[in-house]
Number of protein chains: 2
Amino acid sequence: MRLVIATCSVDYSGRLTAHLPMAPRLLMVKADGSVLIHADGGSYKPLNWMSPPCKLTEDVDTGVWSVTNKAGEELRITIDQVHSDTAYELGIDPGLIKDGVEAHLQELLAEHVHTFGDGWTLVRREYPTAIGPVDLLCRDADGRHVAVEIKRRGEIDGVEQLTRYVELLNRDPLLAPVRGIFAAQLIKPQAKVLATDRGLECLTVDYDALRGMESDVLRLF
Amino acid sequence: MRLVIATCSVDYSGRLTAHLPMAPRLLMVKADGSVLIHADGGSYKPLNWMSPPCKLTEDVDTGVWSVTNKAGEELRITIDQVHSDTAYELGIDPGLIKDGVEAHLQELLAEHVHTFGDGWTLVRREYPTAIGPVDLLCRDADGRHVAVEIKRRGEIDGVEQLTRYVELLNRDPLLAPVRGIFAAQLIKPQAKVLATDRGLECLTVDYDALRGMESDVLRLF
DNA sequence: GACTCGATGTCGAGT
DNA sequence: ACTCGACGTCGAGTC
C-alpha cells in the first residue's frame with residue numbers, strides 16, 4: 001500500500017463526470033491497483049476512487065496520474081505538490097467475520113421455534129414459493145400454518161414481502177388459513193402500523209437473549 | 001489526518017457483531033474523529049470503520065483503541081505493533097462537483113423539450129401523482145399528454161415505475177390517453193423489451209450532445 | 001428529526 | 001458474466 005499526501009485536483013469521467021478542485025488530500029494506492037482519494041472528513045467513502053481491476057500510469061514530468069479500467073472510465077489526478085510519499089507491505093488480509101445477521105437470527109428462531117408459543121412446530125426454513133422462499137413456515141398449537149418473515153430491522157418493504165407470501169400461501173387449500181408474523185430486532189413504527197393494518201402480527205426479537213436460549217426472549221404485540 | 005500502519009485486531013459491536021483477526025493494516029483517523037481500517041485490497045470500503053460523530057480513546061498501556069458513538073456502538077482496536085504513525089493537516093476539502101446525474105438530465109430535457117419532436121410542450125417537471133412525481137409531463141404535437149421517466153441507466157425497475165404512472169394518469173379523463181416515454185442515457189435490452197411490451201416508447205439520450213444543445217440529440221426507437 | 005429515494009452505490013450469492 | 005437482493009448501506013432532499 002502506497003500513501004501519498006499531495007495537493008491535487010481530480011477529474012473522473014465514466015458513469016458520470018466529476019471534478020475535485022486543487023486541495024491537499026490523501027491518495028491511497030492499494031496492492032490490487034485501486035486508488036482512493038480521501039479528505040480529512042466526510043465518511044468512509046472516498047471523495048473519488050477507481051475500483052480494481054484498473055491500471056495506474058504516472059507521468060513524472062507533468063505530475064499527472066491516470067487511472068483507467070476496462071470500461072473506459074478514467075480517473076485523472078493532477079498533482080501540484082507532494083507532501084509525503086510512503087509505501088508499506090501489508091500482505092493479504094484474513095478478512096472480516098460477521099455475526100448477528102439475518103441468517104443467524106433465522107437459524108436461532110428455527111432452533112427455538114417453541115419460543116413462539118407452546119406447541120409450535122417448524123415445518124421448514126426457507127419454505128419455497130413461486131415468488132421466493134418464506135423464512136420460516138411453522139404451525140401453531142391449533143395446527144394453523146404461520147409464515148414468519150425475519151429481518152434485523154423491520155421496515156415497510158419487509159411487511160410488503162410478508163404480505164405477498166401470506167396472500168400466496170392462502171391460495172393453497174392445504175395451507176389456508178395462514179397467519180403471518182413479522183419478526184425483527186427492531187420494528188419501525190410505520191412498519192408496525194402497516195403490518196397491523198394487513199392483519200399480520202409483529203414480534204420484537206431480543207437477539208442476545210435468544211442466543212442465551214431463554215424462553216422469554218420474545219414479546220408479542 | 002492521522003495515518004497509522006499497525007498490526008492489529010478489531011472488534012465491532014453495534015448494528016451487528018464483527019471481528020478482524022490480527023494482521024497488518026492501515027488505520028486512518030480523520031479530523032472529524034471518524035476511524036477507517038483499510039487492508040491492502042478489496043475496494044473503497046474499509047474493512048471496518050466508525051462514522052462521525054464518534055470519540056476515540058486510546059489506552060497507551062494496553063494498546064487498545066476504543067471508538068464509540070452516541071448509539072452505543074463500539075469499535076475496539078487491539079494494537080500488537082505500530083509500524084508507522086504520522087499526522088497531516090489537510091484542511092477542509094472544497095468538495096466534489098458532480099455532473100451528468102439524473103437531475104441534470106431532467107433539467108436539460110425540460111429546457112429542450114422541443115427536441116422530443118416539433119410542437120411538443122412541457123406541462124411541468126415533477127408532475128405530482130398519488131404514487132409520486134412523474135419526471136416530465138409533456139404534450140405532443142397532437143396535444144396528447146406524454147409521461148416521461150428519466151434515468152441515467154434504464155433498467156427494469158424504471159419501466160415498472162413508468163408503467164404505474166401511465167396507468168394512473170390514464171384513469172384521469174382530463175389527461176387520457178397518455179403516452180409513456182422511457183428516456184435514459186443507456187437502456188438495457190431487458191428494459192427495452194419490457195417497455196415495448198407495455199406499450200411504452202424508449203428513448204436513448206446523448207448527454208454530451210444535449211448539453212451542446214444540438215437539435216438531433218435524441219434517437220427514437 | 002423522521003422519512004424517501006438515488007447511488008460511479010458495494011457486496012455476495014445464485015444461475 | 002449477469003441478475004437479484006441486502007446493506008452497520010450513505011447522503012441529499014423533503015416534510
Side-chain angles (χ1 to χ4, degrees), chain A residues 10-20 34-37 41-52 54 67 69-75 95-96 98-103 105-106 126 131-133 135 149-158 160-161 184-186 188-191 193-194, chain B residues 10-19 34-37 42-52 54 67 69 71-75 95-106 126 128 131-133 135 149-153 155-158 161 184-186 188-191:
Chain A
V10 181
D11 288 281
Y12 166 78
S13 64
R15 277 164 281 188
L16 57 63
T17 308
H19 175 73
L20 279 169
S34 57
V35 178
L36 286 66
I37 298 144
S43 69
Y44 73 67
K45 200 174 175 179
L47 292 165
N48 216 325
W49 71 93
M50 184 65 80
S51 301
C54 62
V67 193
N69 69 6
K70 219 143 196 171
E73 300 175 299
E74 184 186 12
L75 191 67
L96 189 70
K98 278 187 190 181
D99 197 2
V101 291
E102 181 183 325
L105 264 182
Q106 189 194 110
E126 303 286 346
I131 56 171
D135 288 341
E149 176 64 31
I150 300 165
K151 291 268 177 260
R152 272 182 319 96
R153 295 208 286 176
E155 301 184 24
I156 283 180
D157 56 349
E160 299 281 12
Q161 204 175 331
Q185 279 183 274
L186 176 78
K188 293 226 170 174
Q190 277 202 338
V193 169
L194 184 63
Chain B
V10 181
D11 288 282
Y12 165 78
S13 64
R15 275 165 279 190
L16 56 68
T17 307
H19 174 74
S34 57
V35 178
L36 285 66
I37 298 144
S43 70
Y44 75 64
K45 200 175 175 179
L47 291 166
N48 217 325
W49 71 92
M50 184 64 80
S51 301
C54 61
V67 193
N69 68 6
E73 299 176 299
E74 184 187 11
L75 191 67
L96 190 69
I97 300 152
K98 279 188 189 181
D99 200 359
V101 291
E102 181 183 324
H104 197 205
L105 265 181
Q106 189 194 109
E126 303 287 348
I131 54 169
D135 288 341
E149 175 66 31
I150 300 165
K151 291 267 176 259
R152 273 183 319 98
R153 295 205 284 177
E155 302 183 25
I156 282 180
D157 56 347
Q161 204 175 331
Q185 278 183 275
L186 177 77
K188 294 228 169 171
Q190 274 203 337

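Model, not experiment: these values are computed from the prediction. Side-chain atoms are counted along with the backbone in the values below, which use heavy atoms only and exclude waters and symmetry mates. Labels below follow one simple rule: chain letters A, B, ... track the order of the sequence lines, proteins then strands, and each chain is numbered from 1.
- Separating the CG atom of D135(B) from the P atom of dG6(C) is a distance of 9 Å, rounded to the nearest angstrom.
- Rounded to an integer number of Å, the gap from CG of L36(A) to C1' of dT10(C) is 13 Å.
- Residue-level contact check: Y12(A) touches the bases, meaning some heavy atom is under 4.0 Å from a base atom.
- Distances from the side chain of S51(B) to the nucleotides dC10(D), dT10(C), dA6(D) place dC10(D) closest.
- Atom CG in L16(A) sits roughly 16 Å away from atom P in dG6(C) (whole-Å rounding).
- The nearest whole Å value for the distance from the NZ atom in K98(A) to the P atom in dA6(D) is 14 Å.
- In this structure, K45(B) does not reach the dC7(D) phosphate: none of its side-chain N or O atoms is under 4.0 Å from OP1 or OP2.
- When every heavy atom of Q106(B) is checked against every heavy atom of I150(B), the shortest pair comes out as CA-CD1, 3.6 Å.
- Taking atom CD of E126(A) as the reference point, atom P of dG14(C) lies 10 Å away to the nearest angstrom.
- Look at CD on E73(A): it is 13 Å from C1' on dG9(C), rounded to the nearest Å.
- Summarising the base pairing, dG13(D) is matched to dC3(C) through a Watson-Crick or G-U wobble pair whose two defining distances lie under 3.5 Å.
- K98(A) and L16(B) make their closest contact through CD-CD2, 4.1 Å (heavy atoms, listed as atom of the first residue, atom of the second, distance).
- Here the CG-OG distance, from N69(B) to S34(B), works out to 12.0 Å after rounding to the nearest 0.5 Å.
- As a whole-Å value, the separation of L96(A) CG from dC7(D) P is 14 Å.
- The partner of dC7(D) is dG9(C), by the rule that a Watson-Crick or G-U pair needs both atom distances under 3.5 Å.
- Spacing between atom CD1 of I150(A) and atom C1' of dC7(D) amounts to 18 Å, rounded to whole angstrom units.
- I37(A) has its side chain within reach of L20(A): a pair of non-hydrogen atoms, C-beta onward, lies under 4.5 Å apart.
- Considering every non-hydrogen atom in both Y12(A) and R15(A), the closest pair reads OH-N, 3.0 Å.
- Between dT10(C) and W49(A), a contact under 4.0 Å exists linking OP1 or OP2 to a side-chain N or O.
- Projected onto DNA chain C by closest heavy-atom contact, Q161(B) and Y44(B) fall at different nucleotides, the more 5' of which corresponds to Q161(B).
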